[in-house]
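For reference, the structure is listed below as structure tokens.
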Amino acid sequence: MGIQINALKCTNCMACEMVCSYHRDDGFAFLSACIVAYRAKEKKDYFGVLLKEEDVLVVARPDGTEINKLGEEADPDREADASAKPMLLREGCDLCEDMDDYGPMCVAFCPVDAITLD
Amino acid sequence: MEYLSTDKILVIDLGAALVEEEEMDEALVEQKIGGIGITKYLYEKYMDDDPIVIGTGLLSGTTYPASASAQITAKSPVTGKVCHCPVIYKLGVEIKYCGFDYIVVKGRSDTPVYLWIHDGVADISDASDVWGKNVWESTDAIRKFVGDDLLQTMMIGPAGEKGSDYAQVCYNHWSSPDRFGFGKLFGARNLKGFAFRGMGMLEIAEPEEFVEQSLELLKTVKENSFLENKGLAPVLDALGEEGAKEWMDPVTHRHSADYFTPYATNTAFFLDEDPGLLKESKKEEPGVLISDIHALIAFKKLGLSASDTGQALKACAKYGIDPFAVATLGKKTGLEEITGSFDAITGTIPIPGKGLFSPWCPAGPVFNDFNLSGDDEISAWWERRQAVAMIFGIQPVFALMCPELTEESMLAFANIGTGLELTQKILDAVIDDICG
């Protein structure tokens with residue numbers, strides 16, 4: 001069972017990021033989220049979602065999803081992603097195992113159903 | 001103020017180069033709730049200095065659907081009235097988490113400055129390197145200097161520096177709802193703009209109940225059939241602008257939403273790039289992000305193609321001038337003529353109601369009819385709806401779409417979030433105070 005992200009449906013609203021961080025902090029913040037809206041390439045209108053799982057970093061872009069094993073060298077053909085670095089310091093996704101009433105918060109709160117549980 | 005608040009108000013005196021903090025008094029929230037209820041109060045408190053006041057709504061940056069907005073309150077150099085301009089995209093939520101609920105700017109700096117506000121710290125920074133640069137260059141330069149691509153800005157361009165009546169305060173690289181010439185106010189004070197970055201955290205009085213109720217509300221909101229659509233073409237269509245989709249399709253790239261907003265109210269045009277491109281463009285500036293419904297319609301009515309409209313909107317955003325004013329007052333029909341007309345834009349654009357709220361927002365309900373009928377009823381509803389959206393921090397276009405976001409629910413969430421006992425009577429009094 002895992003999180004699936006459809007970056008083409010995503011509207012970059014950051015709801016996933018907020019509720020994930022709430023799950024960690026019991027307050028409203030963005031600091032602790034293991035899923036974030038990727039929005040650093042604003043002028044190019046290029047956005048998607050980054051998800052840190054226990055051993056991998058999932059990069060869901062409109063042109064496809066890439067799964068990078070943590071600790072391995074990134075694709076040298078791609079520009080370094082400033083958003084990815086702080087992600088590596090965060091806890092991996094636990095599918096909100098303590099949120100019995102919701103399941104994964106990012107799935108429950110995505111306004112456009114771009115994030116699902118497979 | 002313990003909950004849904006940073007507990008701080010920032011007061012910046014540009015003339016004296018002084019930055020001071022005030023405590024956010026809970027009694028003020030009990031009396032004025034938040035958003036423009038409090039920015040108007042602060043404007044009046046510092047009225048002798050004719051301040052620019054920036055603030056967030058009481059629910060901004062929470063899990064309440066569409067809690068995306070902040071506000072600028074100032075006296076418009078165009079209308080002479082104290083007006084309220086929504087802050088959209090991701091900027092409103094960045095302000096909420098930067099460490100201050102409200103920011104009051106008074107005085108005039110002797111030299112160009114920008115205000116760098118981050119994590120409870122405010123710096124008056126030298127803007128001599130970006131003064132004279134356009135909005136895009138300025139945002140890029142400050143992001144590069146700080147080393148953070150996610151830093152959010154409010155910037156003026158040449159229009160604001162030259163004192164154009166329709167100089168706009170732009171957000172990041174994009175046009176904004178500013179139809180009040182607030183860019184001229186910034187320029188007159190040697191204020192190039194603001195840079196915001198916030199990593200703060202907001203405490204909630206009853207967090208579990210707030211989040212649980214947010215999800216229930218979101219589920220109800222998602223039952224609206226209009227959410228099957230995205231972007232500006234369906235909005236233009238709903239406003240009676242025929243053929244909008246066919247007109248926009250050749251350059252439409254993707255649609256994006258403001259923070260936590262279920263409808264994507266922004267559409268990106270690709271102008272120098274294949275609009276169907278899914279990979280990251282190798283071009284640095286392939287297009288423009290558009291939120292201005294009426295500017296689109298105005299350029300379309302002038303007979304421009306969507307591609308030329310996009311180029312005109314991009315040029316307006318760089319120059320920092322209101323594109324709707326350019327289209328309706330300039331009345332130029334060629335792209336070169338349009339971009340050459342910026343310094344000559346003068347005249348008056350109609351502002352509905354009492355002239356307090358930006359006509360950037362459609363002047364009535366969108367997609368749903370809210371059981372309204374007749375121009376008078378719609379006009380009164382629109383003004384009240386704008387006031388409510390900007391008290392609580394709700395994306396103001398989505399507020400016109402979504403009947404489930406009621407005043408009752410906003411009050412209920414505000415009370416769950418803060419532990420206060422805000423009532424409809426208090427809200428009515430705040431709206432009366434704002435709208436007169």
Side-chain angles (χ1 to χ4, degrees), chain A residues 7-33 36-48 59 61-64 77-83 85-86 96 98-103 105 107-114, chain B residues 4 61-63 65-66 68 90 93 96-97 136 140 147-150 172-174 198-204 207-208 210-212 214-215 218-219 221-222 227 230 253-264 266 268-270 273 277-281 283-289 417:
Chain A
L8 283 173
K9 285 179 85 173
C10 172
T11 58
N12 205 232
C13 79
M14 300 169 65
C16 54
E17 196 171 334
M18 167 54 74
V19 294
C20 182
S21 204
Y22 166 79
H23 154 62
R24 305 279 185 195
D25 295 331
D26 287 335
F28 291 143
F30 295 96
L31 265 181
S32 306
V36 304
Y38 170 64
R39 55 194 174 98
K41 302 290 172 70
E42 187 180 353
K43 278 197 292 187
K44 298 183 177 188
D45 193 42
Y46 187 70
F47 56 84
V59 185
R61 300 183 172 99
D63 44 329
D77 293 334
R78 278 199 183 268
E79 194 180 333
D81 187 339
S83 306
K85 194 175 177 184
C96 298
D98 57 333
M99 306 297 280
D100 295 337
D101 296 338
Y102 298 97
M105 300 280 280
V107 174
F109 277 85
C110 179
V112 293
D113 299 326
Chain B
L4 300 187
T62 67
T63 52
K90 314 293 192 289
V93 70
K96 185 80 175 187
Y97 287 91
W136 290 36
D140 290 346
D148 189 342
D149 288 336
L150 300 183
N172 292 350
H173 304 94
W174 317 121
M199 305 283 192
M201 185 162 88
L202 300 176
E203 303 283 348
I204 315 144
E208 288 178 17
F210 193 104
V211 172
E212 183 184 324
S214 296
L215 184 56
L218 180 63
K219 284 177 181 171
V221 167
K222 285 171 73 172
L227 290 176
K230 282 181 183 178
H253 180 233
R254 294 181 77 188
H255 312 288
S256 57
D258 293 356
Y259 168 75
F260 226 122
T261 301
Y263 188 86
N266 311 305
F269 281 1
F270 264 11
E273 182 61 276
L277 182 75
L278 293 179
K279 290 184 176 178
E280 180 183 347
S281 174
K283 297 183 175 172
E284 282 303 309
E285 299 178 357
V288 62
L289 186 69

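So you know, we letter chains A, B, ... as the sequences are listed, proteins then strands, and number each from 1. Note that these values count all heavy atoms, side chains included, but never hydrogens, waters or copies made by symmetry. Only a predicted model underlies this, so the values are computations on that prediction, with no experimental measurement involved.
Note: B:S281 leads B:G198, B:S281, B:G287 in heavy-atom pairs under 4.5 Å with chain A. For chain A, the option among B:E208, B:E203, B:K230, B:K222 with the highest count of heavy-atom pairs below 4.5 Å is B:K222. Of the listed residues (B:F210, B:Y263, B:F270, B:W174), the one with the most heavy-atom contacts under 4.5 Å to chain A is B:W174. Counting heavy-atom pairs closer than 4.5 Å to chain B, the top-ranked of the candidates A:A29, A:G27, A:C13 is A:C13.
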Between B:K96 and A:F28, does the side-chain contact (heavy atoms from CB on, under 4.5 Å) criterion hold? Intermediate values first, please. CA-CA 11 Å; B:K96 185 80 175 187; A:F28 291 143; over 6 Å; no
Begin with the C-alpha distance, continue with both residues' side-chain angles, and end with the deciding distance and a verdict on side-chain contact (heavy atoms from CB on, under 4.5 Å) for A:V19 and B:V211. CA-CA 9 Å; A:V19 294; B:V211 172; 5.6 Å; no
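Closest heavy-atom contact between A:M18 and B:F260: CG-CE1, 4.1 Å. Taking all atoms of both residues into account, the shortest heavy-atom contact from A:K44 to B:K283 is CE-O, 3.2 Å. Shortest non-hydrogen contact noted between A:F109 and B:L215 is CZ-CB, 3.5 Å.
B:D140 touches chain A through its side chain: at least one heavy atom from C-beta onward sits under 4.5 Å away, while N, CA, C and O do not. Contacts of B:T261 with chain A are made by backbone atoms alone, with heavy-atom separations under 4.5 Å and no side-chain atom involved. Contacts of A:N12 with chain B are made by both backbone and side-chain atoms, with heavy-atom separations under 4.5 Å. Heavy-atom distances place no part of B:E273 under 4.5 Å from chain A, backbone and side chain included. At a 4.5 Å heavy-atom cutoff, A:E17 makes no contact with chain B through either its backbone or its side chain. Looking at B:L277, there are no atoms closer than 4.5 Å to chain A (heavy atoms on both sides), in backbone or side chain. Using a 4.5 Å cut-off between heavy atoms, A:C110 contacts chain B through its backbone alone, with no side-chain atom that close. In this structure, chain A has heavy atoms under 4.5 Å from both the backbone and the side chain of B:Y259. For B:L227, no part lies near chain A; criterion is any non-hydrogen pair under 4.5 Å.
B:R254 contributes a side-chain N or O that, together with a main-chain N or O of A:F47, makes up a donor-acceptor pair within less than 3.5 Å. Looking at B:K219, its side chain never comes within 3.5 Å of a backbone N or O of A:A108 through a donor-acceptor pair. Using modelled atom types, no side-chain atom of A:Y22 and backbone atom of B:T62 make a donor-acceptor pair closer than 3.5 Å.
The line from CD of B:E280 to NZ of A:K41 is 3.5 Å long, rounded to the nearest 0.5 Å. Distance check: B:L278 CG to A:R61 CZ gives 13.0 Å after rounding to the nearest 0.5 Å. With rounding to the nearest 0.5 Å, the separation of CG in B:N172 from CZ in A:R39 is 9.0 Å. A distance of 10.0 Å separates CD1 of B:I204 from CG of A:D25, quoted to the nearest 0.5 Å.
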